[in-house]
> 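Have a look at the structure that comes next, please.
Position 1 is the first residue of the sequence, and the numbers go up from there. Only heavy atoms go into these numbers, but all of them, side chains included; no hydrogens, no water, no symmetry mates. Just so it is clear, the model here is predicted, and its values are computed rather than measured.
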Amino acid sequence: MQLSYLNEPSVLYNLQYRYRGDMIYTKAGPVLVAINPFKKVPLYGNSYIKAYRSRSMESPHVYAIADTAIREMIRDEVNQSIIISGESGAGKTETAKIAMQYLASLGGGSGIENEILQTNPILEAFGNAKTSRNDNSSRFGKLIEIHFSVTGKISGAKIQTFLLEKSRVVQCAEGERSYHIFYQLCAGAPASLREKLNLKRAHEYKYLKQSNCYSISAVDDAEMFHVVMEALGIVHISKEDQENVFAMLAAVLWLGNISFTVIDNENHVAPVTDEGLNTVAKLIGCNVGELKLALSTRKMRVGNDNIVQKLTLSQAVDTRDALAKSIYASLFEWLVEQINKSLGVGKKCTGRHISILDIYGFESFEKNSFEQFCINYANERLQQHFNRHLFKLEQEEYIQDGIDWTKVDFEDNQHCLNLFEKKPLGLLSLLDEESTFPNGTDLTFANKLKQHLNSNSCFRGERGKAFTVSHFAGEVSYNTNGFLEKNRDLLHFDSIQLLSSCKCPLPQIFAFNMLSQSEKLIGNLHRSSAADSQKLSVATKFKGQLFQLMQRLENTTPHFIRCIKPNNSQLPGLYEQGLVLQQLRCCGVLEVVRISRSGFPTRMSHQKFARRYGFLLLEHVASQDPLSVSVAILHQFNILPEMYQVGYTKLFFRTGQIGVLEDTRNRTLHGILRVQSCFRGHQARSYLRELRKGIYTLQSFVRGEKVRQMYVELLCRQRAAITIQTRIKSRMMRNNFVKVRNASIVIQSVIRGWLVRRCSGDVSLLIPTKKVEAPKGSESDQVVVKPSVLAELQRRVLKAEAALREKEEENDILHQRLQQYESRWSEYELKMKSMEEIWQKQMRSLQSSLSVAKKSLAIDDAERKSDSSDWDINGNYLGSKGSESNGLMTGSRTALDREMSAGLSVINRLAEEFEQRSQVFGDDAKFLVEVKSGQAEASLNPDQELRRLKQMFEAWKKDYNSRLRETKVIIHKLGSDDGGSDKARKKWWGRRNSTRV
C-alpha cells in the first residue's frame, strides 16, 4: 500500500476501495493481504500465470508470492515456505490451491504436477466440513512440501497433516455437517456400489441427521463424488482399494445406527442384532458375536487374571463412537500415506522445496471445546513465528550487524504461549495431568486451572466449567465439557483386537498402525514409564507435531499471506470495517507495514553480493576484497546511500533496490549467453556440415553397393522368370495341343461313325449271324449280338452325335470370330495402305519440289558458266570504260557464285535429310505392320506406336516444309539478283555493240 499517511482509517479505506473493485489482494510490506470475495473473480487462469511468470504484471497476487518463492529458491538455494493464515472462512484453502496451481504450472513438465493438484479434492472431501462460519472449513491442518529438481521442475511432493477433528464424525452442531465425503457417498454412489455397501440416504444415518443439514447451496454432492473417484484414480489408488475405502466409510455410518438394550438391573447393555450390526460386521469382515462383545464388554487385567466387565449404556455408546472415530482417523491417515507414495520424490530431487502451510484459522464460537482450544494454540504458535521473523529477528539482525536503526515496538504473544506450554503449571501440562487420573472429571480440571493460573494475565476463570484465554486475536471462552475424554482419546484394546481379527485388509492395517505408533511414541517419550500405550494424550501428540512444524519452518524463508474475512454472512460485496479492523490488529499487519517501510527487507552477505554481481565491474576492481567490490558496485550503479546500509557482514537494501542489480545482471548474462549460443551454433553447424558431407559420401558408397547387389539379384530373377515363363508357356502349348488333338480324334471318330451309319442305312448290319450246316447228329452254331450290347452302342452313338453338334456350334462361333478378325484386319490394312499412300504422295510432292529446285539451280549455274566464258573470249574488246564495268561485273559475279553455291549446299542437305527420313519412317511403319499382323514379336503396343510415329512424321513434315519455304525464298531472291545482273549485262552488251558499229 503506497499511502502518504499510515494509520488505521487510511488502511481500512484503501482495502475497502480495492475490495469494491475486485482487487482483493493488497501488499502490506512483505505480507500479502487477501480478502475473501465470496464469489468468482477474473484474476486467475493461464493468461495471468503467463503475465506473472514474465513479470509483465506487478500488481499484488498469490501468483506473485509463489513466483518470488520459486525464484528465491533457485537463486539463493534456500528452502521456501508460504504460510497462509487467517480466521475460519477467510479463504485459506482456496488461496493454498491457487498457489499450488501456479507452482504446478511454473515447475510442470514431469507429469506429477497434475497428481499434486488432484490431491485437493481428495483432502477436501475427507478433511473439510460445513460449519456455521464456512461452507468448506478445513478441519485439519496440512503442510505440502513440493520438491524441485536442479532445473526447477517439480520432482515430487509430500503431505503432512495435523489434528483431524475426529469428534465431528459422531457429533455435529445444529446447521453444520460432518465431513463432505459421507454426503457425497450417499448421493453419488452407483447402484452396484450402493447394493454392495447397503447404502441408504444421508437422513437415514444417526451420525448425519443430528444437525438436520444435508446439503450446501450451489454444491452438487453427487457430482463431487465422481470428481473424488477420478482424483483417487489419478493418484494411483486402485479400484479395489477405493471400494475398501468406501466400505470403511459405510461401516462408520452404520456404526452410528447400532442401538443397545438394557439386559439387567445394573444398566448393563448389549447391542441389538439388527441391520446396523450385521452390516457393520459384513463391511469390516468380522464375526457378529465378536463385534457385540467388543461393543458391550471390556477386558481388564488384574494381576494374572483377565476380568470381563460389562458396559453401561453411556460406556457402550462411548466405545461405539470411539471405534467409529478411530476407523475414520486411521482411514484418513492411510489415504495421506498412499498419496505420499504416489507423489514420491524422484531421483532428480535437489533437496530444495517450497512448503505451503494451510492450517485451520483462529476460531471463536459461542461454545468452544477441545478442538478450538488446540486450533487456537496452533495459531498462537504461528503468530509467534510471524512475529519472530518479521519483528524480533529483523531488529536483532540490524543491531548485531551494526547499522543505523530505530527500534519499532510491537505486540508479542509470548505470554499467551507461556500460558499454554509452561511446565508444570501450563494449560497443556495440567490437562495431561488431570487426564491421567482415573477419577478426573471436566469440573476438577476447570477448578485446577482456576487454582493455579488465576494470577496469569492471559487467563481468567469463569463460573462452572468455563475459563477464558486472552489470545492475540482476542478473548475466547472455553467450556471444559469433554476435554478429558477427547484428550485421552481412548480406544480400548478390545476394539483394536477386533480390527486386527477382521478379514478385510484395511482394519488390519489400522490396528497394526495403532499399536506400532503407540509403542514408538511411548518408547521415545516415556522410556522409564510403565504406563499403558493408550495414556499418550492428544494434546501431547499435537504439541510434538507443532514443534516439528515450527522447526521445519525456521529452516525456510517464509512468505506470509494473511487472509481476511470481510463479513460473517459470507456475502459478496459486503465489507464490515469493524470485523476487518479486528483481524488486521490481530495479525499485526499495521506493525508489519511500519517496520518494512523503515527497515531493510533485502539483505545479502558481502561475499555473496560480490560473487553475484562482481563480474559487472572491471577486472582490477573485481580482484579486490568482497567489501570493496560491493561498495564499487553500489557506486557504479548510483544507488543512493539512504537506500542501503553496509553492515559488518551483510549489505541491507530497502524494498526494490536489489531489483535494479538483478535486471542488469540478467541482461548481461542474457547477452553472454546469446554470444555463446551464436558461437556454439556456428561450431555445431560447421561440424554438422562436415558430418553431413561424410554421411553423404558414405551413403553414396552404401547405396551404390546396394544398387549393384539389387541389380545382380534382379538380373538373376529376370533370368529365372524367363526360364519359368518358357517352361509354363511350353507346357500350356503342349496341353492345348493335346486337347486339340483329342478333340480332333473325337470329331473324326464321330464323323466316321456317322459316315458308316449313313452308308449302311440299317443297324441290323451291325448284328452278324452265321448259320453253318452241321453234320447230322450235331447242334447248329449261331453267333448273335446281345441286346444290352446293342443298346450300349446306340447310347454311345447318340452321345457322339450330341458332342458333334456341340463341336459344330463351337466351330461356327469360332468361324464367326475369325471372320470378325479378318474384317478388322482388312480395315486395318486399308487404313495402313491409305496412310502409306498419303505418306508416298507427300514424299513425292517433297521430292518433286526438290527436283525442281535442283533443276533451277543447275540451269542458273550453267548460264553463269556460259556468261563467264563469253566474258573471257570477248575481253580484248573492252576499252577503259569497259574495263571498269568488266571489273565491277566480275566482283558481283564472284559474290553471286558464292551465294548460289551456299544455296545449292542447303538444297542438297535437305534432299539427303528427305531420303533418310523417308527411309526411317518407311521402315518403322513396315515394322509396326509386321508386329500388328504377328509376323514379328516385340513388347510394345503397335497402335500406340503408330500414333506416336504419325505425330513424329507430322512434326517433321511441318518443320521440313518451313525450312523448304525458307530455301525457296532464298532461291527466289538469288534468281531476282541474277535477273538484275542479266539486265545490266544486256545493257552493257548493247553499248558494246554500238561502239563496235
> Please check: side-chain N/O of Asn487 versus main-chain N/O of Ala539, any donor-acceptor pairing under 3.5 Å?
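Pair found, side chain donor or acceptor close to backbone of Ala539.
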> Short question: side chain of Asp241, backbone of Ile237 - any donor-acceptor pair under 3.5 Å?
no
> Please report the interatomic distance CG(Asn567) to CG(Leu579), rounded to the nearest 0.5 Å.
7.5 Å
> Between Asp221 and Tyr214, do the side chains contain an N or O donor and an N or O acceptor separated by less than 3.5 Å?
no
> Do Tyr25 and Tyr19 have ring centres separated by under 6.0 Å?
no
> Please check if atom CD in Glu230 has more than 12 non-hydrogen atoms from other residues, nucleotides or ligands closer than 6.0 Å.
no
> Quick check on the 6.0 Å ring-centre criterion: do Tyr183 and His203 meet it?
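Distance test on ring centres: not under 6.0 Å, no.
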> If we ignore hydrogens and angles and just use 3.5 Å, is the side chain of Gln372 paired with the main-chain N or O of Ser369 as donor and acceptor?
yes
> Is there a donor in the side chain of Ser211 and an acceptor in the side chain of Lys130, or the other way round, less than 3.5 Å apart?
no
> Could you give the distance from CD1 (Ile359) to CD1 (Ile83), rounded to the nearest 0.5 Å?
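Output value for this atom pair is 10.0 Å.
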> Is the shortest heavy-atom distance from the side chain of His353 to the side chain of Ser355 under 4.5 Å?
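When only atoms from C-beta onward are counted, Ser355 and His353 do touch, with a gap below 4.5 Å.
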> Are the side chains of Pro507 and Met248 in touch, meaning some heavy atoms are under 4.5 Å apart?
yes
> How far does CG of Asp358 sit from OG1 of Thr95, to the nearest 0.5 angstrom?
8.5 Å
> Would you please say whether a donor-acceptor pair under 3.5 Å links the side chains of Arg562 and Ser85?
yes
> Verify side-chain contact (heavy atoms from CB on, under 4.5 Å) between Ile284 and Cys504, making sure each step is shown before the conclusion.
CA-CA 6 Å; Ile284 66 176; Cys504 294; 5.6 Å; no
> Around atom CD of Glu174, are there more than 12 heavy atoms of other residues, nucleotides or ligands at under 6.0 Å?
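Yes, CD of Glu174 has more than 12 neighbouring heavy atoms, counting only those of other groups under 6.0 Å.
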> For Asn257 and Tyr207, which I'm curious about, is there any donor-acceptor pair between the side chains at under 3.5 Å?
no
> Please confirm whether Tyr63 and Tyr48 have ring centers closer than 6.0 angstrom.
no
> Could you check Val538 against Phe370 for side-chain contact (heavy atoms from CB on, under 4.5 Å), going step by step and ending with a plain yes or no?
CA-CA 10 Å; Val538 174; Phe370 178 74; 3.9 Å; yes
> What about the rings of His61 and Tyr52, do their centers lie closer together than 6.0 Å?
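Distance test on ring centres: under 6.0 Å, yes.
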> Kindly check if the number of other-residue, nucleotide or ligand heavy atoms within 6.0 Å of CD (Gln160) is above 12?
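More than 12 heavy atoms, drawn from other residues, nucleotides or ligands, come within 6.0 Å of this atom.
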> Between Lys565 and Glu576, does at least one N-O distance fall below 4.0 Å, as a salt bridge requires?
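No, no charged N to carboxylate O under 4.0 Å.
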> Does a donor on one side chain and an acceptor on the other come within less than 3.5 Å for His559 and Gln80?
yes
> Hey, is NZ on Lys97 packed in by over 12 heavy atoms from elsewhere, all under 6.0 Å?
yes
> A side-chain contact here means heavy atoms from C-beta on lying under 4.5 Å apart; do Leu123 and Ile159 qualify?
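The answer is yes; the side chains approach within 4.5 Å.
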> Okay, side chain of Glu87, backbone of Gln583: is any donor-acceptor separation there less than 3.5 Å?
no
> Aromatic contact between Tyr328 and Phe182, with the criterion being ring centroids under 6.0 Å apart: yes or no?
yes
> Please determine, by modelled atom types, if Ser149 and Ser155 share a side-chain donor-acceptor pair under 3.5 angstrom.
no
> Side-chain contact, heavy-atom cut-off 4.5 Å: Asp318 with Glu485?
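A side-chain contact exists here, since the closest heavy-atom pair is under 4.5 Å.
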> Is a donor from one side chain sitting under 3.5 angstrom from an acceptor on the other, for His236 and Glu115?
yes
> Looking only at side chains, do Arg194 and Ser192 share a donor and an acceptor under 3.5 Å apart?
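No pair is found: no donor N or O on one side chain lies under 3.5 Å from an acceptor on the other.
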> Please check this pair: side chain of Arg139 against backbone of Lys166, looking for a donor-acceptor N/O pair closer than 3.5 Å.
no
> Taking the inter-plane angle between the rings of Phe246 and Phe225 on a 0 to 90° scale, is it parallel (under 30°), tilted (30 to 60°) or perpendicular (over 60°)?
tilted
> Charged N to carboxylate O below 4.0 Å: is that the case for Arg177 and Asp135?
no
> Is it true that Asn134 and Thr131 share a donor-acceptor pair across their side chains at a distance under 3.5 Å?
no
> Can any side-chain N or O of Gln210 pair as donor or acceptor with the backbone N or O of Val170 at less than 3.5 Å?
yes
> Determine the minimum heavy-atom distance between Leu32 and Val62, stating which atoms define it.
CD2-N, 3.8 Å
> Verify, without hydrogens or angle tests, whether Asn513 (side chain) and Ser330 (backbone) share a donor-acceptor contact under 3.5 angstrom.
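Absent.
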> Roughly how far, to the nearest 0.5 Å, is the CG atom of Leu331 from the CD1 atom of Ile327?
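Atom-to-atom, Ile327:CD1 and Leu331:CG are 9.5 Å apart.
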> Please tell me if the side chains of Asn114 and Gln118 come closer than 4.5 Å, counting only heavy atoms from C-beta onward.
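Contact flag for Asn114/Gln118 side chains = yes.
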> Sorted by first residue and then second, give each side-chain hydrogen bond (donor to acceptor under 3.5 Å, both in side chains) pair with at least one member in residues 273-285; sequence neighbours left out.
Asn198-Glu275, Asn198-Thr279, Thr273-Lys292
> Going by distance alone, is a donor N or O of one side chain under 3.5 Å from an acceptor N or O of the other, for Glu371 and Ser167?
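Yes, because at least one side-chain N or O of Glu371 sits under 3.5 Å from a partner of the opposite role on Ser167.
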> Assess the residue pair Glu204 and Lys209 against the criterion (salt bridge (charged side-chain N to carboxylate O under 4.0 Å, His left out)); give the C-alpha distance rounded to whole Å, side-chain angles, the decisive distance to 0.1 Å, and a yes or no.
CA-CA 7 Å; Glu204 299 183 44; Lys209 68 180 182 180; over 6 Å; no
> Where is the tightest heavy-atom contact between Ala511 and Ile496, given as atom of each residue plus distance?
CB-O, 3.6 Å
> Considering only heavy atoms from C-beta outward, does the side chain of Glu176 approach that of Arg168 to under 4.5 Å?
yes
> Heavy atoms, side chains only, cut-off 4.5 Å: are Ile258 and Val272 in contact?
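Counting from C-beta outward, Ile258 and Val272 never come under 4.5 Å.
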> CG/Leu313 to OG/Ser296 distance, rounded to the nearest 0.5 angstrom?
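If we round to the nearest 0.5 Å, Leu313:CG and Ser296:OG are 12.0 Å apart.
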> Does Glu223, at its CD atom, have more than 12 non-hydrogen atoms belonging to other residues, nucleotides or ligands within less than 6.0 Å?
no
> Is the gap between the ring centers of Phe126 and Phe332 under 6.0 Å?
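So the answer is no for these two rings.
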> side-chain contact (heavy atoms from CB on, under 4.5 Å), that's the test. Do Tyr377 and Ile375 meet it? Break it down for me.
CA-CA 5 Å; Tyr377 165 57; Ile375 289 172; over 6 Å; no
> Is there a side-chain contact (heavy atoms from CB on, under 4.5 Å) between Val317 and Val269 once you walk through the steps?
CA-CA 10 Å; Val317 171; Val269 296; over 6 Å; no
> Under a 4.5 Å cut-off applied to non-hydrogen side-chain atoms, are Val169 and Tyr179 in contact?
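Of all side-chain heavy-atom pairs linking Tyr179 with Val169, at least one is under 4.5 Å.
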> What is the distance from atom CD1 of Ile154 to atom CD1 of Ile116, rounded to the nearest 0.5 Å?
4.5 Å
> Quick check against the 3.5 Å criterion: does Thr297 have a side-chain atom that pairs as donor or acceptor with the backbone of Leu293?
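Yes, the answer is positive, given that a donor and an acceptor are paired below the 3.5 Å cut-off.
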> Please check this pair: side chain of Glu290 against backbone of Cys286, looking for a donor-acceptor N/O pair closer than 3.5 Å.
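The answer is no, because no donor-acceptor pair under 3.5 Å joins these two groups.
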> Verify, without hydrogens or angle tests, whether Glu124 (side chain) and Asn136 (backbone) share a donor-acceptor contact under 3.5 angstrom.
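Not at all, since once roles are kept as given, no pair shorter than 3.5 Å links the two residues.
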> Between Tyr102 and Asp67, does any side-chain donor sit less than 3.5 Å from a side-chain acceptor?
yes
